[in-house]
Amino acid sequence: MTLKTILLGACSVLALATMASAETLTVATVNNGDMIRMQKLTEDFTAKNPDIQVEWVTLEENVLRERVTTDIATKGGQYDVMTIGTYEVPIWAKQEWLLPLDNLGADYDAADIIPAIAGGLSVDGKLYAAPFYGESSFIMYRKDLMEKAGLTMPDAPTWEFVADAARKMTDRSTEINGICLRGKAGWGENMAFLTAMSNSFGARWFDEEWKPQFDQAEWKNTLQFYVDLMKDAGPVGASSNGFNENLALFQQGKCGMWIDATVAASFVSNPKDSTVADKVGYALAPDTGLGKRGNWLWAWSLAVPAGTQKAEAAQKFVSWATGKAYLDLVASKEGWANVPPGTRSSLYANPEYQKAAPFAKMTLDSINAADPTKPTVKPVPYVGVQFVAIPEFQGLGTTVGQLFSAALAGQMSVDDALKQAQDVSTATMTEGGYIQ
């Protein structure tokens with residue numbers, strides 16, 4: 001046996017021993033573009049942490065929420081790192097279902113996280129989830145189609161302008177829809193959009209006594225406006241469309257406007273994926289002149305469930321995926337325009353990012369304009385812009401979303417959808433002890 005053979009054999013044994021002793025983290029995440037990109041870059045993490053392997057569970061948004069909620073509530077222990085949102089963090093942290101992220105490393109720089117985003121992920125001053133990307137929502141529109149319609153998009157348009165523009169931009173003969181909006185049922189799908197929209201119409205889920213408000217004129221105005229607009233200028237089958245479906249439509253040149261997450265800007269402006277990349281403009285979410293715009297505040301974030309047996313390794317992964325160095329890594333591979341947005345102040349002060357991302361300032365302005373503590377025109381007892389931060393909202397929001405999706409599909413009238421929403425909300429709040 002030669003020395004070379006002996007050495008190769010020893011190296012193989014060592015490699016096998018290292019793999020056998022490595023911890024395997026199971027990470028649950030959503031099938032959005034930024035998360036898929038993170039999976040492709042995982043080798044950077046494992047190279048720096050050879051004693052840790054990563055196993056991915058990638059799910060559609062509604063399925064992810066259902067799975068991680070069930071797992072953490074039942075202490076199932078399937079996942080070591082969970083992708084969750086701004087809604088879950090304060091509720092789950094108070095239930096002691098999440099570990100505080102107090103071991104992210106000396107160079108993590110938590111103070112660099114945008115205050116509005118950090119505040120939504122903290123309880124009693126402790127960070128319980130680290131933002132992978134933060135977002136508000138705004139208008140993405142086709143500048144060429146807007147010009148063809150003889151219109152100029154204001155930086156801060158009204159819903160009246162948007163509706164008029166959408167109808168003028170629609171051309172059914174060429175499959176161009178004037179506007180694409182979420183219709184897929186789910187508290188984080190169509191109800192994220194519709195709740196934010198309703199805020200700008202003066203609506204609210206509950207009054208100060210927790211009484212449901214779907215029987216009020218503001219909600220009727222919101223839902224009727226939405227259904228009529230989508231009927232006149234939206235895509236066929238819109239009641240099945242969520243974020244990913246509308247992204248695909250916009251990238252294919254089939255939407256004149258799309259009001260959705262600011263994070264989508266890097267995808268619609270990327271010439272590798274978008275056929276209209278050089279034709280996209282951006283504007284703030286619309287209003288009706290009441291002082292609130294129809295934009296939300298959200299962060300898809302990484303959290304460590306209290307039941308994991310691999311907390312130290314899990315926090316190392318969270319630190320890697322949400323740290324400054326990860327932004328540099330993505331920039332080196334994909335360009336600055338494609339780094340996860342909305343989390344760190346330093347990113348928006350970076351001249352390279354400002355140059356590469358024409359949507360940067362509009363994104364930051366939208367994030368800073370959303371106020372979860374005062375989300376509506378009239379006072380409310382809850383926190384949350386596009387959701388109500390109570391445990392019951394996840395189920396209730398999805399039920400109401402199903403009703404409103406049915407109204408969009410023409411399976412029931414707007415009035416019937418609102419009446420049933422009022423009834424189910426009243427029953428839920430009574431059962432929860434919020435109202436008598």
Side-chain angles (χ1 to χ4, degrees), residues 32-35 37-38 41 83 85-86 89 101 104-105 107-122 127 129-141 153-156 196 243 247 258-270 274 277 280-285 293-302 318-373 385-386:
N32 289 350
D34 279 297
M35 280 69 173
R37 184 181 290 132
M38 174 172 53
L41 296 173
T83 304
T86 311
V89 175
L101 298 179
L104 295 175
D107 59 349
Y108 183 73
D109 194 7
D112 186 46
I113 299 174
I114 294 171
I117 298 295
L121 304 175
S122 301
L127 194 68
F132 180 69
Y133 70 74
E135 65 181 41
S136 183
S137 53
F138 61 9
I139 304 173
M140 294 158 278
Y141 68 94
M153 174 69 84
D155 286 340
F243 173 86
L247 171 61
W258 180 28
I259 304 174
D260 212 296
T262 52
V263 72
S266 68
F267 297 107
V268 299
S269 61
N270 186 343
S274 177
V280 185
Y282 309 92
L284 293 174
R293 294 202 163 270
N295 63 298
W296 63 64
L297 183 67
W298 185 258
W300 275 118
S301 305
L302 301 180
V318 171
S319 180
W320 169 79
T322 64
K324 291 180 180 179
Y326 180 82
L327 301 183
D328 293 334
L329 175 65
V330 175
S332 70
K333 302 285 187 181
E334 305 282 349
W336 278 104
N338 294 305
V339 303
T343 61
R344 291 186 169 272
S345 299
S346 58
L347 177 64
Y348 291 88
N350 184 330
E352 292 183 81
Y353 184 66
Q354 293 172 0
K355 182 180 179 181
F359 46 81
K361 184 179 185 303
M362 192 65 73
T363 295
L364 189 60
D365 288 347
S366 297
I367 289 172
N368 288 333
D371 185 356
T373 65
V385 179
Q386 77 278 22

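Taking the side chain as every heavy atom from C-beta outward, Thr262 and Pro341 never approach each other to under 4.5 Å. Leu127 has its side chain within reach of Ser122: a pair of non-hydrogen atoms, C-beta onward, lies under 4.5 Å apart. Side chains of Thr363 and Tyr282 form no contact here, defined as non-hydrogen atoms less than 4.5 Å apart. For the pair Asp34/Val263, a side-chain contact is recorded, criterion being any heavy-atom separation below 4.5 Å from C-beta on. At least one side-chain heavy atom of Leu41 sits under 4.5 Å from a side-chain heavy atom of Val330. Inter-residue side-chain proximity for Val268 and Leu247 is flagged as met; some heavy-atom pair is nearer than 4.5 Å.
Between the OG atom in Ser301 and the CG atom in Leu121 there is a gap of 4.0 Å [rounded to 0.5 Å]. Taken from CD in Glu135 to CG in Asp260, the straight-line distance is 7.5 Å, to the nearest 0.5 Å.
Considering Leu101, Leu302, Leu104 in turn, Leu104 is the only one that fulfils the side-chain contact (heavy atoms from CB on, under 4.5 Å) rule with Ser319. Applying ring-ring contact (aromatic ring centres under 6.0 Å, His included) to Phe132 and the options Tyr326, Trp298, Trp300 leaves one that passes, Tyr326. Screening Leu327, Val339, Asn350, Ile117 for a side-chain contact (heavy atoms from CB on, under 4.5 Å) involving Arg344 leaves a single residue, Leu327.
Residues Lys324 and Asp328 are not paired through a salt bridge, judged by the lack of any N-O separation under 4.0 Å between the basic side chain and the carboxylate.
Classification of the Trp258-Phe243 ring pair by plane angle, with boundaries at 30° and 60°, yields tilted. Between Phe359 and Tyr353, the ring planes lie perpendicular to each other; the angle is over 60°, past the 30° to 60° tilted range.
Gln354 and Trp336 form no side-chain donor-acceptor contact under 3.5 Å, judged by distance and modelled atom types alone.
Across all their heavy atoms, Ser345 and Pro115 have their closest contact at OG-CD, 4.3 Å.
Although no hydrogens or angles enter the test, the distance criterion places a donor-acceptor pair under 3.5 Å between the side chain of Gln386 and the main chain of Leu297.
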